[in-house]
Asks: 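Got a structure here, written out as structure tokens. Questions coming.
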There are 2 protein chains.
Amino acid sequence: MLLRSVFLLLLLVSAVAPSRADDGYRLWLKYDRIADAPTRQQYQRAAQFIASPGASPVLRAASTELQRGLSSLLGQAVPILAAPGTRTGGIVLRVDKAARANGQSLKPEGYRIFSEKNNLVITGRTDAAVLYGAFALLRQVQTRQPLAGLSIASNPRIGFRLLNHWDNPNGTVERGYAGSSIWKWYELPERLDPRYTDYARANASIGINGVVLNNVNASARYLSADYLAKVAALAGVMRPYGIRVYLSVLWAAPKVIGGLPTADPLDPAVQQWWSAKSDEIYQAIPDFGGFLVKANSEGEPGPQDYHRTHADGANMLAHALGRHDGVVMWRAFVYKANSNGDRFKEAYEEFQPLDGKFDPKVLVQVKNGPIDFQAREPFHPLFGAMPRTPLLLEVQLTQEYLGFATHLVYLAPLIKECLEADTYAQGKGSTVARVVDGSLDQHALSGIAGVANIGADRNWTGHPVGQANWYAFGRLAWDHTLSAQAIAQEWTRMTLTTEPAAVRTITRVLGQSRSIYVRYTTPLGLHHIMGESLHYGPQPWLAQAGRPDWTAVYYHKADSSGLGFDRTATGSNALALYKPEVQQQWGNPRTCPLNYLLWFHHVAWRQPLSTGRTLWNELCTRYYTGADSVRWMQQQWAAARPALDPALYADVATRLQIQRREALWWRDACVLYFQTLARQPIPAPLAPPTRSLADIKQLVQLYQLK
Amino acid sequence: MLLRSVFLLLLLVSAVAPSRADDGYRLWLKYDRIADAPTRQQYQRAAQFIASPGASPVLRAASTELQRGLSSLLGQAVPILAAPGTRTGGIVLRVDKAARANGQSLKPEGYRIFSEKNNLVITGRTDAAVLYGAFALLRQVQTRQPLAGLSIASNPRIGFRLLNHWDNPNGTVERGYAGSSIWKWYELPERLDPRYTDYARANASIGINGVVLNNVNASARYLSADYLAKVAALAGVMRPYGIRVYLSVLWAAPKVIGGLPTADPLDPAVQQWWSAKSDEIYQAIPDFGGFLVKANSEGEPGPQDYHRTHADGANMLAHALGRHDGVVMWRAFVYKANSNGDRFKEAYEEFQPLDGKFDPKVLVQVKNGPIDFQAREPFHPLFGAMPRTPLLLEVQLTQEYLGFATHLVYLAPLIKECLEADTYAQGKGSTVARVVDGSLDQHALSGIAGVANIGADRNWTGHPVGQANWYAFGRLAWDHTLSAQAIAQEWTRMTLTTEPAAVRTITRVLGQSRSIYVRYTTPLGLHHIMGESLHYGPQPWLAQAGRPDWTAVYYHKADSSGLGFDRTATGSNALALYKPEVQQQWGNPRTCPLNYLLWFHHVAWRQPLSTGRTLWNELCTRYYTGADSVRWMQQQWAAARPALDPALYADVATRLQIQRREALWWRDACVLYFQTLARQPIPAPLAPPTRSLADIKQLVQLYQLK
């Protein structure tokens with residue numbers, strides 16, 4: 001009879017809660033029960049309870065997350081106690097203002113995990129530190145690391161670890177490929193979508209401590225009392241997860257919503273308006289993070305409208321923040337209207353002379369490269385060139401130029417390439433990472449921002465592997481010395497599978513994916529040859545646009561003699577913006593790494609390269625092998641299938657089919673177009689495209705129709 | 001030991017599959033297990049198996065859905081057999097080309113359910129009929145109707161039962177308030193989001209048999225070979241659910257993607273282009289439904305660009321469809337550029353003279369009212385005025401003018417009000433419903449379209465009660481004689497709760513909700529006084545816009561003497577477009593129903609109305625009681641709380657808070673603005689608004705900032 005009941009129970013359970021396909025919503029915080037019983041039991045013994053002393057919202061978030069994660073991973077109830085008493089075999093949270101590790105005081109957000117009296121203690125100087133430690137402990141279990149004798153200490157290397165949302169008040173996301181904005185402005189402040197909390201959890205789990213809620217092409221709405229109430233409601237959701245909210249601001253706000261006749265930063269009424277607005281903001285949001293500003297860039301208003309400098313503008317806002325604990329992040333992504341020079345140099349020329357002129361509350365936010373988030377760029381020449389200014393590194397997680405949500409491109413190698421680049425600002429070892437983390441020039445402030453790839457799609461990022469980019473950004477922001485591969489392994493284990501062979505296969509694919517993307521789209525240092533406006537697909541033939549530096553020909557400079565942008569002294573001389581050691585690396589076309597070749601040199605089609613092939617043959621070879629490598633990715637993914645959730649497997653597999661189709665599109669478009677100038681055959685054994693350039697142009701045009 | 005196992009099992013189950021909050025994704029197809037054991041057992045006995053003879057995709061969809069629904073509702077396995085054999089107590093699907101009900105042959109989509117040899121037989125002449133019958137049987141169980149002696153027969157009254165999506169290729173939805181488009185064009189044709197199937201299931205469950213995939217402001221992209229492959233992939237998902245796909249087409253497509261110099265419908269090359277395009281479409285999608293066209297309307301191109309008529313255009317497309325089984329749906333939503341007359345009359349003046357001139361494959365698609373989906377409109381004067389043309393009724397489910405996704409407005413009463421309106425075209429009883437279903441004028445074709453309120457938000461419609469509008473549209477499209485209340489009850493039982501008192505409470509709220517919305521936004525026949533462009537919030541003071549008929553003052557005509565648009569013979573005489581009986585109803589301001597008063601009459605502020613109050617006092621009273629009624633809705637919703645899923649309860653409760661805030665915004669904006677002209681106090685005991693008109697104007701302006 002009892003057996004029958006068990007049977008009925010099982011039947012009922014399967015009827016009521018059928019095992020569902022993994023829709024990706026849970027990200028890397030899946031907490032699926034550990035299948036292997038001995039492993040599970042080992043963790044069970046170490047996680048019999050959670051002892052948390054305080055009832056602060058942040059500590060409550062930490063203990064609740066531990067309970068949620070551990071009870072689910074281990075399949076056992078894990079009670080939360082106020083104190084361990086005499087119990088052992090549990091996890092103890094402890095805020096200790098004097099907490100140290102490795103003989104040094106921990107940073108305010110740094111944590112330490114260690115064994116004490118048969119308990120695991122998670123400690124740090126602040127509640128937030130303990131929260132980060134809690135997620136670190138969960139990560140240990142999720143990636144199946146042993147807990148016995150565990151001893152970890154970790155400090156964040158960068159202070160401001162931010163997501164930048166390019167989300168608009170109407171719910172669209174500029175350059176977003178994962179559905180609409182997760183922020184439901186019309187529903188705020190009354191309704192708090194439960195998703196906001198899951199978003200905060202995910203960010204906290206990887207150490208992100210700030211989010212800029214709105215697009216840098218900012219609406220003035222956000223500074224109105226009505227919208228500040230909405231922002232405050234979101235800040236309330238973020239606060240228990242150690243996350244501060246920031247706003248992008250429209251420079252012209254004092255005119256647009258303040259009724260002032262000017263937005264001149266030296267005008268006392270303007271200063272007063274921003275000062276009062278700051279006070280109003282901090283009244284509603286006491287831990288407000290500060291302002292992000294895109295000024296005098298791509299049509300946005302700014303201080304130059306009044307013949308003031310970027311420093312005048314940034315400093316005025318910094319003063320307006322006054323005694324409040326907030327910062328100004330001022331973007332260096334500027335390029336003059338109707339430029340006919342080299343856009344590569346423009347941010348440098350505008351900002352480098354301002355070094356030393358910024359208020360201590362200002363960070364200048366610099367994109368990783370000098371153009372605009374291309375698949376590969378040399379590091380931005382401002383890094384190392386503004387020692388008296390904290391430079392905040394901006395990278396793009398949303399794949400504007402990297403295949404939207406249909407291409408699998410793991411971005412950690414791209415970010416690492418920038419971080420590890422040596423500026424030689426203070427001799428060898430002056431990496432971008434050391435500029436950004438403040439250690440090179442002893443800055444108190446340091447920051448890094450990722451342009452979010454997050455939308456309201458069920459799985460947050462459209463492409464399931466887009467989640468890995470969100471994850472990797474947070475992990476690198478916390479510790480830029482982590483390797484791209486190690487992060488890929490963590491993410492794969494937490495998100496996809498812990499089966500060792502599959503983990504190896506998948507991390508190999510992730511590790512190669514960005515190089516493959518570069519090969520079939522912009523090999524050898526090509527850049528900015530994508531479709532106009534939409535940035536979807538190839539358009540190397542684009543010669544007419546709103547501005548010359550919005551075309552493709554401006555950048556590749558292909559002609560009958562060769563290909564590439566001469567940025568040496570015989571050309572735009574942008575190379576001279578770098579330190580001599582860097583110039584030496586990149587300045588000679590015979591020794592310049594092929595990955596950067598066409599960034600700096602116009603090379604003859606028949607010029608032999610270090611590979612032994614001519615430029616033309618090497619170009620073709622890379623386009624073809626790049627596109628073929630997508631097949632390799634498909635095969636690898638198929639090999640991992642048995643270890644993967646079927647729905648997730650299928651999702652990525654079908655996206656790889658699309659990627660294969662689009663890779664061929666890129667390949668054919670580029671080799672056929674460049675062939676019209678190189679006037680050479682596709683080298684054997686590569687088979688020439690079976691479609692014509694005219695066909696492809698039509699295809700590109702199609703995607704540009706309204 | 002066994003007990004302990006049961007305990008462990010329970011623990012495991014709860015750890016692995018914690019009971020989740022209802023996120024609304026499952027719509028009205030929830031299939032939650034019936035909690036009451038005797039009820040469940042009764043159904044269990046009648047649903048021990050499903051016997052399905054055929055393996056067609058549609059029949060498979062029917063049997064699979066029955067299995068899914070019944071096994072989940074009843075908590076028992078329900079096997080699918082090829083034939084019942086000697087078994088009884090099951091459900092038998094049977095396609096019977098000679099199936100009849102009530103002495104008449106069933107329509108091809110009509111179904112019959114009856115008992116035979118202790119089995120329940122679902123039959124019809126086609127596979128699709130059986131699918132509809134399967135959903136009808138599920139609905140019986142979901143709404144807890146008895147199955148014993150069940151005998152139902154049902155034919156659809158309208159042939160084309162369509163959703164119109166206003167979805168754009170970039171993923172936005174025009175006038176969509178539930179996130180981005182559910183169609184992921186960049187992922188098609190390779191990737192078929194599992195959501196597409198759930199969308200098809202939901203539509204089939206309410207009898208919707210066609211979907212126009214894209215916005216009437218159409219991109220030419222959809223007619224390209226690349227996009228047709230994507231459309232074909234979607235058609236493949238829809239087909240097993242009896243749903244055909246249709247496309248909105250850009251009139252200028254032969255120029256934009258065909259390379260022709262003209263889109264003149266009388267040009268042989270244009271005709272040839274459309275004909276070849278139709279053949280290409282049917283090659284890819286053999287059951288393609290046809291074209292929807294918005295031409296010469298709000299800037300869209302059309303045949304008038306070539307001095308041809310709408311009939312010339314529609315007929316050319318109909319001929320292009322040729323032998324293929326498709327139709328042309330030609331929208332009558334037109335109004336001349338720079339009109340200074342009465343927009344009310346324009347569609348009539350353009351289309352009525354064309355009656356009899358359309359090809360038999362053409363339906364003219366007419367909005368319910370003469371202006372544009374206002375909260376209340378008189379029925380469109382074209383209904384009853386084009387007896388030789390099948391008129392397809394277009395209603396709007398997305399709440400463009402009805403509170404976006406933050407106001408609870410159940411639309412069935414609005415749709416019914418139109419359907420039941422009497423045109424008197426052939427004397428009393430010539431309702432719009434009879435015009436639309438073709439019975440009045442014996443048309444072979446009949447159709448109804450709902451502009452979808454569906455987006456990629458997890459719960460599909462943003463506001464959970466938006467689901468009721470999707471549901472009600474489908475049910476009314478199938479059978480317009482169903483009452484709004486009966487449909488509300490069905491939906492509530494299937495979606496929210498079967499607890500009788502809660503069902504009563506909720507259906508009462510649904511039933512009142514649209515009247516309440518009208519009262520606090522546009523009482524007494526006011527219309528088109530919403531915010532410019534965005535259509536969010538009130539802007540009755542709007543006097544300048546791109547066109548006079550895009551302002552508010554054009555419609556309310558408020559001045560110091562009174563309020564309302566005189567459309568009698570002393571005014572625009574739009575009333576003369578109706579039959580004399582209708583003119584008589586509405587023509588006299590003393591007897592005109594108050595709901596339509598200001599649609600047709602300019603009434604003095606101090607004019608006493610049938611309520612005993614003056615116009616001004618009645619206006620104020622309605623605005624105030626309307627806004628106060630939102631409080632009543634909140635109270636009612638709170639009363640139903642114990643019977644509701646907590647997450648769903650909270651979602652609606654917080655949206656009602658927003659609705660309350662916005663209702664007060666509407667109330668205050670309108671009474672304060674009209675007061676500037678009426679120059680009378682807010683009548684006691686109503687308390688004057690505590691904010692000024694200037695404050696509210698600022699608030700409205702804020703929401704119109706980019």
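In the text below, chain A, chain B and the rest are named by the order of the sequence lines, each starting its count at 1.
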Asks: Please test A:D457 against B:K184 for side chain to side chain contact (heavy atoms under 4.5 Å, CB included), starting from the C-alpha separation and ending with a verdict.
Replies: CA-CA 11 Å; A:D457 272 1; B:K184 303 285 188 181; 2.5 Å; yes
Asks: Enumerate, atom names and distances included, each donor-acceptor pair closer than 3.5 Å involving a side-chain atom of residues 646-654 of chain A, sequence neighbours excluded.
Replies:
residue: A:D651; atom: OD1; partner: A:R655; partner atom: NE; Å: 2.6
residue: A:D651; atom: OD1; partner: A:R655; partner atom: NH2; Å: 3.3
residue: A:D651; atom: OD1; partner: B:R191; partner atom: NE; Å: 2.9
residue: A:D651; atom: OD2; partner: B:R191; partner atom: NH2; Å: 3.3
residue: A:T654; atom: OG1; partner: A:A650; partner atom: O; Å: 3.0
residue: A:T654; atom: OG1; partner: A:D651; partner atom: O; Å: 2.9

Asks: Specify the closest pair of heavy atoms between A:G179 and B:S180, including all atoms of both residues, with the distance to one decimal.
Replies: CA-OG, 3.4 Å
Asks: Quick check on the structure: residues of residues 695-702 of chain B within a heavy-atom distance below 4.5 Å of chain A, by number.
Replies: B:L699, B:L702
Asks: Contact part of B:L534 toward chain A, heavy-atom cut-off under 4.5 Å: side chain, backbone, both or neither?
Replies: side chain
Asks: Among residues at least two apart in sequence or on other chains, which ones pass ring pair (Phe, Tyr, Trp, His ring centres under 6.0 Å) with A:W166?
Replies: none
Asks: Under 4.5 Å heavy-atom distance to chain B, tell me which part of A:A218 shows up: side chain, backbone, both or neither.
Replies: backbone
Asks: Between B:E187 and A:R661, does any side-chain N to carboxylate O distance fall below 4.0 Å?
Replies: no
Asks: Chain A heavy atoms under 4.5 Å from B:S219: which part of the residue, side chain, backbone, both or neither?
Replies: both
Asks: Name, in order of residue number, those residues of residues 221-231 of chain A that have a heavy atom at a distance of less than 4.5 Å from a heavy atom in chain B; otherwise write 'none'.
Replies: A:R221, A:S224, A:D226, A:Y227, A:K230
Asks: Nearest 0.5 Å, please: how far is CD1 in A:I658 from CG in B:L188?
Replies: 7.5 Å
Asks: After noting the C-alpha distance and the side-chain angles of B:W185 and A:Y703, does the key distance pass the side chain to side chain contact (heavy atoms under 4.5 Å, CB included) rule?
Replies: CA-CA 11 Å; B:W185 293 107; A:Y703 279 89; over 6 Å; no
Asks: Please state whether the side chain, the backbone, both or neither of B:F404 comes within less than 4.5 Å of a heavy atom of chain A.
Replies: side chain
